[in-house]
Amino acid sequence: MELCPCVKNILLLDFEGKRVASKYFCDDWPTNGAKETFEKAVFNKTQKTSARSEVEVTMLENNIVVYKFVQDLHFFVTGGEEENEVILATVLQGFFDAVGLLLRGNVEKREALEYLDLILLCIDEIVDGGIILETDANVIVGKVASHSTVAEGLSEQTFSQALATAREHLARSLLK
């Protein structure tokens with residue numbers, strides 16, 4: 001028995017069971033085909049439930065799967081059969097709430113695809129190598145926002161540098 005709770009994967013699927021975002025933290029599904037098969041099995045087992053208001057729990061292939069749906073997105077967190085469902089549900093709720101904050105309450109597939117980079121950063125801030133790092137949505141969003149602000153600052157700086165270089169070249173060509 002491990003002392004630290006571990007997450008095997010975090011999945012975000014659309015209303016047809018297709019992958020929007022996912023991250024696997026163990027080798028239980030070594031190939032992409034195995035991962036897709038597992039995702040399809042999770043979706044098929046849970047699609048007829050109404051997990052819209054609260055987190056639901058199910059067992060699948062000796063794994064505990066906690067899940068929640070909103071609009072056309074299905075959120076899943078998987079742990080081993082010995083993991084605590086409450087801890088997995090807390091991870092799921094943190095992920096769910098963080099995505100809601102990142103997408104400004106407009107949690108649907110189109111927005112999720114538009115901001116996929118932020119959702120993947122969000123997963124990275126929640127779990128690393130299967131170890132749970134953070135479950136507070138506000139802290140997660142703060143960390144993701146700091147990463148994206150740094151990236152935006154770099155891209156703006158690069159753009160302004162490129163613009164300055166272009167101006168210099170134009171000025172030199174006009175002076176010749």
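Heavy atoms only: backbone and side chains are in, while hydrogens, waters and symmetry mates are out.
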Next on the checklist: Assess the residue pair Thr78 and Asn9 against the criterion (side-chain hydrogen bond (donor to acceptor under 3.5 Å, both in side chains)); give the C-alpha distance rounded to whole Å, side-chain angles, the decisive distance to 0.1 Å, and a yes or no.
Outcome noted: CA-CA 5 Å; Thr78 306; Asn9 64 43; 2.8 Å; yes

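- The aromatic rings of Trp29 and Phe38 sit tilted relative to each other, their planes meeting at an angle between 30° and 60°.
- Within 6.0 Å of CG on Asp27 lie no more than 12 heavy atoms contributed by other residues, nucleotides or ligands.
- To the nearest 0.5 Å, atom NZ of residue Lys18 and atom CD of residue Glu36 are 11.0 Å apart.
- The heavy-atom pair separating Arg19 from Leu13 by the smallest distance is CA-CD2, 3.6 Å.
- Between Val91 and the choices Val77, Val66, Leu133, Val55, the side chain to side chain contact (heavy atoms under 4.5 Å, CB included) rule is met once, by Val77.
- Looking only at distances, a side-chain donor or acceptor of Glu134 sits under 3.5 Å from a matching main-chain atom of Asp136.
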Using residues 97-122 as the side-chain source, report each donor-acceptor pair under 3.5 Å to any protein atom, sequence neighbours left out, with the distance given to one decimal.
from	atom 1	to	atom 2	distance (Å)
Asp97	OD1	Gln93	NE2	2.9
Asp97	OD2	Gln93	NE2	3.4
Lys109	NZ	Asp14	OD2	2.8

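- Minimum interatomic distance between Glu61 and Ala41 (heavy atoms only, all atoms of both residues): OE2-CB, 4.2 Å.
- Between Glu39 and Ser22 the shortest side-chain heavy-atom distance falls below 4.5 Å.
- Within the 4.5 Å cutoff, the side chain of Ile132 has heavy atoms near those of the Pro5 side chain.
- Separating the OG1 atom in Thr135 from the CG atom in Leu88 is a distance of 12.0 Å, to the nearest 0.5 Å.
- With values rounded to the nearest 0.5 angstrom, Asp128 atom CG is found 12.5 Å from Ile123 atom CD1.
- Hydrophobic cluster membership differs between Phe96 and Val139, with clusters built from Ile, Leu, Val, Met, Phe, Trp and Tyr side chains linked at under 4.5 angstrom.
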Next on the checklist: Evaluate Thr46 against Phe76 for side-chain contact (heavy atoms from CB on, under 4.5 Å), listing each step before the verdict.
Outcome noted: CA-CA 10 Å; Thr46 61; Phe76 300 92; 3.4 Å; yes

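- Panel note: side chain Lys45, backbone Met59; a donor-acceptor pair is recorded below 3.5 Å.
- Using a 4.5 Å heavy-atom threshold, the side chains of Phe15 and Leu73 count as separate.
- Using a 4.5 Å cut-off on side-chain heavy atoms (C-beta onward), Thr31 and Lys35 make no contact.
- Cluster annotation: Ile10 is connected to Val57 through the hydrophobic network of ILVMFWY side chains, with a link wherever side-chain heavy atoms come within less than 4.5 Å.
- A search for ring-ring contact (aromatic ring centres under 6.0 Å, His included) contacts involving Phe95 returns Phe75, not counting sequence neighbours.
- Salt bridge annotation for Lys68-Glu54: absent, with no cationic side-chain nitrogen under 4.0 angstrom from a carboxylate oxygen.
- Under the 4.5 Å side-chain criterion, counting only non-hydrogen atoms from C-beta, Lys23 is not in contact with Val127.
- The aromatic ring centroids of Tyr67 and His74 lie 6.0 Å or more from each other.
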